[in-house]
Amino acid sequence: MDQPVLHVKGRVLVGPEDVRDELWVVDGRISFTAPASASADVRTLQGWVLPGLTDAHCHVGLDAHGAVDDATSEKQALAERDAGALLLRDAGSPADTRWIDEREDLPKVVRAGRHIARTRRYIRNYAHEIEPDQLVDYVRQEARRSDGWVKLVGDWIDRGTGDLGPCWPREALAAAMAAAHEEGARVTAHVFGEDGLRDLVEAGIDCIEHATGLTEDTIPLFAERGVAIVPTLVNIAHFPEHAAAGEAKFPDYARTMRKLHARRYATVAAAYDAGVPIFTGTDAGGSLAHGLVADEVVELVTAGLPPLAALDATTWGARRWLGRPGLTEGAPADLVLFAEDPRADVRVLRDPRLVVVNGRPTGG
């Protein structure tokens, strides 16, 4: 059945300062020009309009135990969609979710392949677990399988020290980054702690997930190199629980996690003030539920980002960073309507009035 023409009226937030009165959706794509011939099948929508939100760190196809089946992956993608997250960067998953690309009713997914971790230095059933001499080969493999990203596990509990520790030697990292970039892929890494950040950045990494270990020594380096961070504050909120669970066996690790948690907002604020690019991600799909992107935006504001900067981290800026269009002429019509101005209060994002995917209102 042909799609209805949508006439979206109100305040269309094409960019932070670019606000239009209307747009049209014709054949599932955005136009700022009314159709030449009026159709009897026109549906009018009204509200404050944003491009589909971005969850730049989630894991469709993954739960706390490893890969999940397609039905569970579908539920995860639907939860993101219904929260208004229509662009997902899947930051590592052992499941094959390419079938999602064929679904017109589900979010767009930018995949980072499967996690690459050091042997016995990550969650069981999640990653390729390898040694440093294999890193380049696995990075090339995942770069070719992914949508332009590779995901490393940069640090984890080191059983020798009983605390967080880097997983890879500097030389292996440098070779791996060069290989990924030769393949046209960017590299990101899970890093909780302080140690290892400098090696990753100087080796050429493009992004760090969580980044709770940033300090006054490494923040300027991130800013200088333009290395982005995705803080996942809704996940960092659970650090005290992780500390308690590991305290009996790894008391030093528990102390580190509590310290990182206590300074989390100050760390993000300092990174923002220094000009480090920041984007929204929830880390949903491991132990966290999907659909938390609005809560992450609220957390960024709590950390000290201006509301417009926090919005940019999940809308216009995030889409540019991932190379996907926003509310531009001819782009797929992925947009979210709200009853009130999200620039005035980002908590509005928690209550989408309507979500439109590929020009189709969900449920419509």
Side-chain angles (χ1 to χ4, degrees), residues 47 50-112 115 123 125-126 147 151 209-210 230-238 279-300 310-311 313-315 318-319 322 324 332-339 342 346-364:
L50 283 173
L53 308 183
T54 300
D55 186 343
H57 183 135
C58 63
H59 304 279
V60 176
L62 181 69
D63 69 8
H65 306 290
V68 299
D69 59 21
D70 288 354
T72 303
S73 297
E74 179 185 38
K75 290 178 182 177
Q76 294 173 339
L78 287 169
E80 294 281 357
R81 182 200 74 182
D82 293 346
L86 304 183
L87 179 59
L88 313 177
R89 187 180 59 147
D90 190 331
S93 176
D96 181 0
T97 61
R98 289 285 174 187
W99 58 270
I100 291 176
D101 297 346
E102 306 303 317
R103 288 277 297 269
E104 292 289 314
D105 60 330
L106 295 179
K108 312 295 191 296
V109 181
V110 176
R111 296 170 184 82
H115 299 80
I123 304 167
N125 300 324
Y126 275 33
D147 299 312
K151 171 70 176 295
E209 312 298 315
H210 318 301
V230 182
T232 67
L233 288 166
V234 292
N235 175 34
I236 305 312
H238 295 275
F279 301 103
T280 53
T282 64
D283 208 3
S287 57
L288 290 184
H290 285 264
L292 300 175
V293 66
D295 291 341
E296 181 65 16
V297 177
V298 172
E299 279 284 274
L300 289 177
L311 277 180
T314 196
T315 55
R319 285 177 170 271
L322 292 175
R324 299 300 189 273
D334 291 343
L335 52 94
V336 190
L337 283 78
F338 301 92
V346 297
R347 291 174 295 181
V348 168
L349 299 183
R350 289 173 169 159
D351 188 22
R353 171 182 278 181
L354 188 68
V355 177
V356 177
V357 186
N358 290 310
R360 293 186 181 276
T362 57

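Just the heavy atoms: all of them, side chains too, but no hydrogens, waters or symmetry mates, feed the values below. Numbering starts at 1 and runs along the sequence shown. As the structure is a prediction and not an experimental result, all values here were calculated from the model.
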Any donor and acceptor pair, going by atom type alone, linking the side chain of [X] with main-chain N or O of [Y] inside 3.5 Å?
X: Arg360; Y: Asp105; answer: no
X: Ser73; Y: Val60; answer: no
X: Gln76; Y: Ala284; answer: no
X: Arg98; Y: Asp96; answer: no
X: Tyr126; Y: Asp63; answer: yes
X: Thr314; Y: Ala294; answer: no
X: Arg319; Y: Gly52; answer: yes

Exactly one of Asp101, Val357, Ile100 clears side chain to side chain contact (heavy atoms under 4.5 Å, CB included) with Leu106, and that residue is Ile100
Sole residue of Val336, Thr362, Leu337 in side chain to side chain contact (heavy atoms under 4.5 Å, CB included) with Pro352 | Val336
Quick check for you: to the nearest 0.5 Å, what is the distance between [X] atom [atom1] and [Y] atom [atom2]?
X: Arg81; Y: Arg103; atom1: CZ; atom2: CZ; answer: 8.5 Å
X: Glu74; Y: Thr97; atom1: CD; atom2: OG1; answer: 12.5 Å
X: His59; Y: His57; atom1: NE2; atom2: NE2; answer: 3.0 Å
X: Glu296; Y: Leu288; atom1: CD; atom2: CG; answer: 10.0 Å

Residue pair Leu300 / Pro231, side-chain heavy-atom distance below 4.5 Å | yes
Any side-chain heavy-atom pair from Val230 and Arg89 closer than 4.5 angstrom?
-> yes
Please find the pair of heavy atoms, one from [X] and one from [Y], that lie closest to each other, and give the distance.
X: Trp99; Y: Asp70; result: NE1-OD1, 3.2 Å
X: Val346; Y: Leu311; result: CG1-CG, 4.1 Å
X: Val355; Y: Leu86; result: CG1-CD2, 3.7 Å
X: Ala64; Y: Ile123; result: O-CG2, 4.4 Å
X: Pro107; Y: Ala85; result: CG-O, 3.5 Å
X: Glu80; Y: His290; result: OE2-ND1, 2.8 Å

Would the number of heavy atoms belonging to other residues, nucleotides or ligands and lying under 6.0 Å from NE2 of His65 be above 12?
-> no
Test salt bridge (Lys or Arg N to Asp or Glu O under 4.0 Å), reference Lys108, set Asp334, Asp147, Asp55, Asp90, output is Asp334
For a quick check under 3.5 Å, do [X] and [Y] share a side-chain donor-acceptor pair by atom type?
X: Ser93; Y: Arg111; result: no
X: Asp69; Y: Thr72; result: yes
X: His210; Y: Thr232; result: yes

For Asp295, check side-chain contact (heavy atoms from CB on, under 4.5 Å) against everything at least two apart and list the hits.
-> Val234, Leu292, Arg350
Under the side chain to side chain contact (heavy atoms under 4.5 Å, CB included) criterion, do Leu349 and Val293 qualify, and how do the steps go?
-> CA-CA 9 Å; Leu349 299 183; Val293 66; over 6 Å; no
Go through Val297 and Leu53 one step at a time and tell me if the side chain to side chain contact (heavy atoms under 4.5 Å, CB included) criterion holds.
-> CA-CA 10 Å; Val297 177; Leu53 308 183; 5.9 Å; no
